[in-house]
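Letters A, B, ... mirror the listed sequences (proteins, then strands); counts begin at 1.
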Amino acid sequence: MSELAHPIEHHHDEEGTRLGFWLFLYTELFLFAAFFLVYAVYRSSHLEDFKLAAESLNTGIGAVNTVILLTSSLTMVLSLDALKKGAIKAAKVLLMVTIALGAAFLVIKSFEWGAKFEHHLFLQTAKGIAAGHGSPLLTPGEEMLPVGQVLFYGLYFIMTGTHALHIIIGGIWMLVVLFWMSKGSINQEKPGVLERCGLYWHLVDVIWIFLFPLYYLVA
Amino acid sequence: MNTHEQTQSFRLPILVFAGLIVLTVLTVLLSGLDVGNMGALLIAMSLASIKASLVLYYFMHLNHEPLIFKLFLGVAFLTLLVIFVLTFSDYSFRVIA
Amino acid sequence: MENAASQSYLNSHTSPKWTTGFMSWFMSTDHKRIGIMYAFAMFSFFFAAVLLGFLMKLQKMYPASSGWEIIPVEMYGSFFTLHAIIMIFLFIVPGAPAVLGNFFLPLQIGAKDVAFPRVNLLSFWLYLLGAIMAVTGVLLGGADTGWTFTPPYSINTKTISIFGIAFDSISWMLTAAFILGWGTILTGINFIVTIHRMRTKGMGYFKMPLFTWSIYATSWLQVLATPVVGITLLMIVIERIVPVGFFDPAKGGDPVLFQHLFWIYSHPAVYIMILPSMGLVSEIIPTNSQKPIFGYKSIAIASCSIAGVGYLIWAHHMFTTGMSDFAAILFSFLTFFVAIPTAIKVFNWTATLYKGSIALTPAMLFALAFIFNFSIGGLTGMFLGSLSTDIHLHDTDFIVAHFHYTMFGGAAFGLIGGVFHYFSKMSGKMYSIKWAKIGWGFMFIGFNSLYFPMLLLGYYGMPRRYHTYPDIPIFNQLQMISTVGSWILVTGVIIVLWVWLHGLFRGKQTTEQNPWNSSTLEWQTATPPTLFNFEEELEITRDPYDYEAFRGEVKAGTSIGADHV
Amino acid sequence: MNVNYNPASVFNQDVDFSFYLIFMISILCLVGITGFMVFSIIKYNRKNNPKPSNLEGHTGLEIVWTIIPTILVMFIFYFGVQGFLKMRNVPEDAMEIKVEAGMWWWKFTYPNGLEQSTAQGMTVPADTPIYLPLHSVDVVHSFYVPAFRVKMDVVPKPAGVKDNYTWFEASQIGSFDLFCAEYCGVNHAQMISKVHVLTKPDYQAWLDQQTADHEKLLAKNPGKALTISKGCIACHSTDGTKLIGPSFKGLFGKTETVVTDGVDREITVDEAYLKRSIMEPAKDIVKGYQPLMPPLPLTAEEVAAIIEHIKELSE
Ligand code: HEA
Ligand code: HEA
Ligand code: CUA
Ligand SMILES: [Cu+2]
């Protein structure tokens with residue numbers, strides 16, 4: 001028996017790989033689409049509750065996070081640009097900035113989540129509903145939330161949570177790319193991995209562009 | 001690659017970025033308008049779509065990709081649209097209470 | 001020494017150096033080896049599910065009053081759930097694309113492999129992981145929700161505890177389905193890119209064989225539908241763990257919304273199941289008639305329009321859920337449009353026979369049985385698409401018969417035909433043609449006597465997912481016929497299995513390139529194919545089913561520019 | 001005897017007409033296709049016809065077999081919708097019987113407040129439209145009477161959302177099977193009841209009789225009356241047989257093992273325990289049974305009456 005290099009690996013088809021990656025991005029998009037659909041349906045049937053609950057979210061924080069993500073998208077574009085022009089150093093710095101911005105996004109998000117948890121807006125409330133009014137999880141005198149608001153917070157946490165998960169994955173991927181760039185296996189001639197990482201990052205951005213108004217603004 | 005192209009390629013992303021920021025501000029400002037539920041939703045979603053298209057087209061370099069990439073995008077969006085419209089063919093016509 | 005790449009793929013491989021034997025398969029990125037691995041994995045699971053089906057049928061032989069109990073009542077729910085999960089998620093959805101698609105798609109378009117060989121291997125591993133999870137889930141308590149996981153039952157129902165720890169086997173199996181979904185998605189992406197980027201010189205879109213076309217349409221469905229169900233099933237898992245109330249009415253959710261999301265995937269999924277088999281039939285019929293397929297272009301376009309229209313009709317599974325009347329009427333209307341491209345296909349296949357030179361090989365027999373069974377399956381779909389009749393037939397044995405006619409009589413028969421068609425190409429061995437035909441006879445008769453009575457049962461009002469039934473004579477009589485049919489069918493299946501295993505281990509070695517005289521490209525390579533499929537760049541000059549030109553090439557000793565080995 | 005599929009309601013005509021229409025079209029297509037296949041296999045067998053033609057298609061024919069099926073399916077669609085609309089539009093003067101479903105019982109509430117459950121079935125007058133709001137207390141069930149061609153899922157709804165409904169008008173006297181057609185757990189196949197159709201005068205007499213009986217029983221033995229009307233007897237026998245739940249016979253004073261929060265404990269059945277079992281059925285689960293008993297809306301007096309009745313049965 002003999003072992004052979006794979007023929008496909010010899011003549012690598014960059015455009016084909018990109019095409020495949022775009023298809024993968026669509027599957028990510030459809031994953032979120034299911035959430036958006038659930039959101040849309042419940043919003044249409046619990047409009048008032050959704051508006052009330054949305055008011056409790058801090059528009060300022062949301063807007064800041066939006067700007068952070070948009071900026072990180074810009075640095076990502078510039079990083080790829082730099083790499084393609086051979087400015088490896090600049091590319092690396094820009095990528096680091098992107099990672100830092102992603103981290104900043106997560107930090108802000110976690111503060112926001114923490115505040116909501118404290119206010120018993122998520123699991124506690126839902127558990128309270130599950131267990132009835134006398135639930136020990138509710139502080140005495142605390143009122144039950146209407147189901148529409150429970151749905152809102154449930155969706156809020158799950159959707160922003162899934163989004164945050166994507167940010168984390170993107171961040172880890174960027175760290176790997178950074179490492180490979182230092183080792184030289186991603187370079188001016190072979191920018192493909194950074195390019196795809198960038199596409200992924202931009203998609204995460206696109207999804208946030210829709211999440212932002214739906215949760216923070218349409219109140 | 002000549003220098004002219006290089007400056008170009010830096011300028012474009014920054015311009016697009018500026019556009020995105022402006023649109024974000026606009027989204028926040030316009031959300032204060034009193035145009036009813038559907039109106040607000042429509043404004044917010046159209047602005048978000050414009051922003052998303054900017055990202056797709058310039059940041060994700062769809063502008064440099066061959067036709068097939070755009071066709072695929074079209075198929076994906078059409079399918080999304082179908083899913084939403086048909087689901088609401090149920091929910092918009094439910095008899096409630 | 002001979003160049004390793006020109007040896008059979010069974011001998012030389014692309015796996016890492018240290019691998020031999022089993023590992024040289026398990027680590028292989030060769031599309032042919034991956035295809036074969038899928039086949040073995042799939043059939044192992046498949047036969048377990050056949051056994052479950054067989055037992056369910058046995059259970060229904062006598063009504064409740066007789067005290068007849070083969071399957072304890074607590075287990076019946078887990079039986080049909082596991083049966084369906086294996087049959088759908090482990091067998092028929094990944095089936096044709098993963099086995100025959102993997103093996104023959106690159107061959108049919110003259111490529112050396114798929115676009116992303118390593119992703120292809122990853123798909124297989126995901127498949128295996130998901131499959132093992134699904135099956136262990138049953139040993140760890142099982143799920144009795146049906147493959148439709150209808151909430152709130154799927155959210156509220158309890159599972160057993162093992163060693164004092166509550167093991168949530170339902171969440172476990174839902175997660176398994178999610179993982180399996182990713183395997184399918186990656187395969188789909190792989191095939192779409194392969195078809196777009198790797199066709200050999202001269203092979204325009206309308207020079208691709210029809211199996212390739214149907215895999216193409218299937219792949220799109222896999223890519224755009226599977227994520228929706230994946231996340232929907234995860235929502236159930238989330239809801240089982242933290243009470244957020246997506247679909248639980250006690251917490252404000254709407255259970256019907258789950259059904260929308262579920263069928264948004266699962267209806268297109270039925271075309272994922274059937275399209276590849278339709279593709280196989282489109283290969284088998286012209287080959288065994290030695291003439292061009294009737295209306296090549298319309299069949300190719302019909303494949304795509306079935307996939308497209310298939311996306312618009314999911315809520316026909318929900319006519320009785322109390323969704324809006326407007327939606328019911330709209331979805332019923334749209335449902336009928338899927339019948340039209342399908343009708344075109346069926347008529348074109350039959351017309352292909354006209355003035356052909358027909359050989360009744362085992363593959364051809366299965367293809368013809370496909371047309372017959374699938375027509376019944378599809379036509380019974382008309383009863384279900386029509387609103388007033390669906391109200392009566394919904395959730396009865398009529399549905400059960402409908403989808404066995406389409407999935408089993410259609411998709412699985414097509415697949416079996418495909419395996420008979422390509423057996424020697426894949427293995428380099430020949431099976432017993434006589435016994436294959438005998439097996440076919442048993443299967444065809446058994447199949448119809450198993451499922452036709454179930455159509456009647458459903459019409460008479462026998463609900464599905466019933467462990468037993470009240471003492472109504474007509475129910476008992478029809479169930480009895482049906483059960484006996486299942487014995488005939490299983491005899492047929494065992495014969496077919498034996499023919500395959502015997503062929504594989506004891507069969508006559510063959511290197512005959514093109515035993516059925518087929519005009520398409522996958523036959524123009526060695527038997528079994530060499531590692532990189534084709535020795536040289538090929539150029540395609542004629543239509544895939546141009547048999548006159550093909551006969552000319554055979555006479556001249558050249559075929560489609562491929563060199564003879 | 002009425003077999004459960006004999007046509008027996010006003011919907012049969014539409015549904016069955018649609019059915020036969022599609023059936024005829026299907027038979028025609030199937031016979032045509034199969035006939036042609038068999039004909040070709042014989043006529044153009046390789047032995048008979050070694051030289052195939054190179055026929056590649058025929059646009060005209062293809063257009064024909066695109067257009068004809070399109071027309072046919074539009075007919076099918078049209079008649080399907082006709083029958084469906086009839087099922088969805090309840091006549092103004094329909095009589096209302098509330099249907100409630102749970103794992104695994106049915107409960108029917110008549111306009112005069114009389115309640116009956118699975119074992120008695122639903123009784124209706126013939127030739128009268130009956131409107132059925134369908135309420136579920138737990139999971140999705142489906143109300144299915146094959147003979148009437150009626151089916152509608154009984155979907156649990158969030159508070160404040162309208163329940164599903166259906167209606168029918170029986171045209172035949174007799175008893176017809178009522179099935180649950182949506183999988184709802186282990187005893188899905190036992191969630192079977194009957195619809196009894198009586199003539200209008202018979203129905204009135206029946207209703208008066210039942211109401212009077214119930215009132216009499218309520219006065220004499222309120223516990224027994226309640227176990228019938230609230231549906232307890234769907235799961236609990238009074239003669240010692242084991243159904244979904246333990247039998248009421250000999251229950252009081254018995255020593256048995258129950259599982260509380262996952263821990264086994266021995267108890268003697270007394271009043272306090274019975275009260276707890278009825279009001280909070282999820283608390284103590286009798287060993288050997290599934291935690292399937294639903295919490296039922298009962299007042300304290302009703303519970304007391306039921307406990308009296310259980311005591312009686314244990315004497
Ligand atoms: C391989 C799988 C497969 C395929 C191909 C199909 C094909 C079709 N199915 Fe089926 N279906 C299932 C698998 C499949 N189905 C499964 C698994 C379920 C149940 C799921 C569950 O609940 O568990 C189901 C359930 C199901 C329902 C829901 C029933 C209910 O629960 O109430 C409906 C309703 O419309 C339906 C319709 C159709 C239609 C219209 C087609 C059409 O595509 C058929 C088109 C084909 C033809 C029409 C025949 C060929 C054409 C001719 C011979 C020409 C002449 C024809 C005419 C003139 C009409 N199917
Ligand atoms: C592909 C799909 C598939 C296949 C092949 C089968 C095969 C069989 N099925 Fe199943 N069945 C389902 C899919 C399938 N089923 C689904 C989705 C449900 C619904 C569950 C639910 O309600 O949730 C169901 C439900 C179902 C029920 C109804 C349960 C109920 O509602 O109470 C019954 C009852 O008898 C049954 C019986 C059988 C039997 C006897 C067989 C077989 O045992 C018959 C013998 C099988 C064969 C003879 C197969 C031969 C095929 C090959 C050898 C393939 C070769 C393949 C390649 C070459 C790649 N099935
Ligand atoms: Cu209730 Cu099935
Ligand atoms: Cu369907």
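- Note that CG of A/L151 is 10.0 Å distant from CG of C/D254, once rounded to the nearest 0.5 Å.
- Heavy atoms only, all atoms of each residue included: C/V223 and A/L23 are closest at CG1-O, 4.0 Å.
- A/E14 contributes atom CD, which lies 10.0 Å from atom CZ of C/R197 (distance to the nearest 0.5 angstrom).
- Of all the listed residues (A/T27, A/L155, A/V41, A/T162), the one sharing the greatest number of non-hydrogen pairs under 4.5 Å with chain C is A/T27.
- Between A/V38 and C/F246, the shortest heavy-atom distance links the atoms CG1-CD2, 4.5 Å.
- Note that the CH2 atom of C/W182 and the CZ atom of A/F24 stand 5.0 Å from one another [nearest 0.5 Å].
- No more than 12 heavy-atom neighbours from other residues, nucleotides or ligands sit within 6.0 angstrom of CZ on A/F179.
- Closest heavy-atom contact between C/I189 and A/G20: CG2-O, 3.5 Å.
- For the options C/A225, C/G188, C/G252, C/A111, heavy-atom pairs under 4.5 Å to chain A are most numerous at C/G252.
- The residue from C/V228, C/T226, C/I185, C/V229 that alone fulfils the side chain to side chain contact (heavy atoms under 4.5 Å, CB included) condition with A/F30 is C/V228.
- Counting heavy atoms of neighbouring residues, nucleotides and ligands inside a 6.0 Å radius, atom CH2 of A/W180 does not exceed 12 of them.
- Contact of C/L234 with chain A is not made at all, since no heavy-atom distance falls under 4.5 Å.
- Surrounding NZ of A/K190 are at most 12 heavy atoms belonging to other residues, nucleotides or ligands under 6.0 Å away.
- Rounding to the nearest 0.5 angstrom, the gap separating the CE atom in C/M198 from the CG atom in A/D13 is 7.5 Å.
- A distance of 13.0 Å separates CG in A/L37 from CD1 in C/I231, rounded to the nearest 0.5 Å.
- Counting heavy atoms from C-beta on, the side chains of C/L257 and A/Y42 come closer than 4.5 Å.
- Minimum heavy-atom separation, C/P227 to A/L31: CB-N, 3.9 Å.
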